[in-house]
Amino acid sequence: MSAPIVHGWCPGALRPMASGDGWVVRIRAPLGRLSPEQARGIAALSAAHGNGRIDLSARANMQLRGVTPDSHAPLIAGLTDLGLIDPAPEIEARRNLVLTPFWRDGDATHTVARALTDALAAPDAPDLPGKFGFAVDCRRAPVLSDISADIRIETGAKGGLICRADGAPGGVAVTPGTAAETALDLARWFLATGGAPDGRGRMARHLAKGTPLPDGHSVPPAPTAPRPHPDLTETGALVALEFGQMGAEDLAALADLGPLRLTPWRMVLIEGADRLPDLPGLITDPNDPRLRVVACTGAPGCPQGLAPTRPLARALAPHLPNDTSLHVSGCAKGCAHPGPAPLTLVATGPDRFDLIRNGTAAGHPAQSDLTAAQLTDTPAILTESL
Ligand code: SF4
C-alpha cells in the first residue's frame, strides 16, 4: 500500500485542489452561515461552473466539485458577488474556524467567532499552518469536542469560558471580550515554541511531544453533549445528507426554506425552521442507518482512492448495531473522519480493505485483505469480536 499524499494544506476557493472529477473549490462560509441568496447563488454557480455536486466537509465547509481551469475564474467572480471570497488566499487559509451551529445572535459563540474572524484577517495575524484551526463552542455543553481543531474556546466545567489547546486537559479562563486575543496569543506561542518547524504542525502533536503550556491552563471543559442528530432544535431544523453530498438542485431547494448553517456532521441547520422538511435526499429520521457511516469520496472521484467507498458503506450501514459507527476510507489519510472511529475500513488495493477497531484510518489493522463481497456477504466480520 502506498502512503497517502499529505498536502499539509486544505483546498480553498482561491486555492483549489485537483481531484478525480476536476478541481475541488472549498467555500468557507463566514460564521458557517449562508443566506438564502448565497445558497441559491452557490447552487447556480455549481451547476454552471462545476459538475453540480456539492459536499459538506468535516470542518463545516462546502465543496464544489468538477470545476475546471477555465471555469474557476467565472466561479470566483460569482462567489465574490455573493460575498463569499476573502481578499487574499492567506486570509482565507487562516479563517479556519468552526462554530457550533446552535449559536444565537449576540451570544458568546457569535461574539467570539466574529472577533476571531476579524483578528485572523488582521495584518499582524500569525502565519499558521494550513490545517491549524479554531473551534468556538460556547453553549452550555460542548458539541464540537471530537471535531478537528487546534484551539478551542468552549464552556468550562464550572461555567464561564475557557480557551484550551487541543490535547490539553484544561484551558485558561477567558470572557467573550478576551477569548479571541487569548486564542491568537496561544497560536503565537505554538509557533514560537516550534509547533510548526517546516510550516506544518498540529497543537495536539506539539503537546504530545512534552512541550509545556504557559501557566494557567488548568480549567477543565464542561462535559460533552451527545452528538447531534436530525431533529428540531432551538435554532432550527437539523437535517442530514447521505455522506454530506447533495446536488445543486438540492441546495437550491434547501435555500428556499431559510438561511443555512453548515455543520461538521454532514448536516445542515435550517435557521428558524419549526418543522423538518420533506425534501428528497434529506435524512430526517434520527434512526436512519446511513447516519452510522461516514465515507470519503474514494475511488474514482479522488485520485488517491484505492477503492470505491460509498457503495460499501451504504451496503453495510443497515447491519451495524445502533450504538456503533463505521468509517470507510479510500486510503490511510482518513479525510472523512480524521479521528478514531469504533470501526474503520481502509482501502489498501482495488478491492482490499483493512479493518481497524477503535482507531484512525492510519491505525493498526485487526484484519487485512478483506474484499467488499466478503464484507457485504458476512457483515458480522465487522462486529464479531465487539
Ligand atoms: S481519505 Fe479518501 S478522500 Fe482522502 S485522500 Fe484518501 S481516498 Fe481521497
Side-chain angles (χ1 to χ4, degrees), residues 1-13 15-28 50-51 53-67 96 98 129-133 146-148 200 202 241-246 262 264-266 290 292-317 325-365 368-372 375:
M1 176 176 68
S2 57
I5 300 166
V6 178
H7 293 280
W9 55 275
C10 294
R15 206 177 171 201
M17 188 181 269
S19 192
D21 57 355
W23 286 0
V24 175
V25 168
R26 181 173 289 177
I27 301 168
R28 289 187 171 159
N51 60 10
R53 302 305 304 164
I54 299 166
D55 291 333
L56 298 176
S57 82
R59 292 192 54 80
N61 296 310
M62 192 169 255
Q63 301 183 160
L64 310 191
R65 305 194 68 92
V67 177
N96 200 355
V98 183
K131 288 185 181 292
F132 195 97
D146 64 347
I147 299 303
S148 174
R200 293 180 186 181
R202 301 297 303 265
L241 296 133
E242 190 193 50
F243 306 123
Q245 256 205 325
M246 64 182 124
L262 310 181
W265 312 296
R266 273 80 182 194
R290 291 171 294 175
R292 287 175 227 142
V293 290
V294 288
C296 69
T297 303
C302 174
Q304 293 192 63
L306 298 169
T309 51
R310 289 177 174 166
L312 180 60
R314 196 179 285 122
L316 293 173
S325 63
L326 168 69
H327 171 202
V328 184
S329 186
C331 77
K333 203 166 160 187
C335 298
H337 188 81
L343 298 167
T344 301
L345 286 169
V346 56
T348 57
D351 186 21
R352 288 289 181 277
F353 293 87
D354 279 357
L355 170 62
I356 294 149
R357 297 188 193 282
N358 299 314
T360 68
H364 183 71
S368 295
D369 288 333
L370 297 162
T371 67
L375 287 158

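Basis for what follows: all heavy atoms, side chains included, without hydrogens, waters or symmetry-related copies. Both counts, for ligands and for their atoms, begin at 1 and track the order of listing. None of the values given here were measured: they were computed from a predicted structure.
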Does the shortest distance from atom 6 (Fe) of ligand 1 to an N/O/S atom of Cys331 fall below 2.8 Å?
yes

Tell me the contacting part of Cys335 for ligand 1: side chain, backbone, both, or neither, using a 4.0 Å heavy-atom threshold, strictly below.
both

Salt bridge (Lys or Arg N to Asp or Glu O under 4.0 Å) partners for Arg53, two or more places apart
none

ring-ring contact (aromatic ring centres under 6.0 Å, His included) with Phe132: which residues, sequence neighbours excluded?
Phe134, Phe190

[X] neighbourhood, listing ligand 1 atoms whose heavy-atom distance to it stays under 4.0 Å:
X      : answer
Cys296 : 1 (S), 2 (Fe), 3 (S), 7 (S)
Gly330 : 2 (Fe), 7 (S)
Gly305 : 7 (S)
Ser329 : 1 (S)
Cys302 : 3 (S), 5 (S), 7 (S), 8 (Fe)

Passes side-chain contact (heavy atoms from CB on, under 4.5 Å), Ser148 versus Lys131? Steps please.
CA-CA 9 Å; Ser148 174; Lys131 288 185 181 292; over 6 Å; no

Can you check whether Thr297 reaches Asp21 side chain to side chain, under 4.5 Å on heavy atoms?
no

Pair Arg314 + Glu242: basic N to acidic O under 4.0 Å
yes

When rounded to the nearest 0.5 Å, the distance separating SG of Cys302 from NZ of Lys333 is 7.0 Å

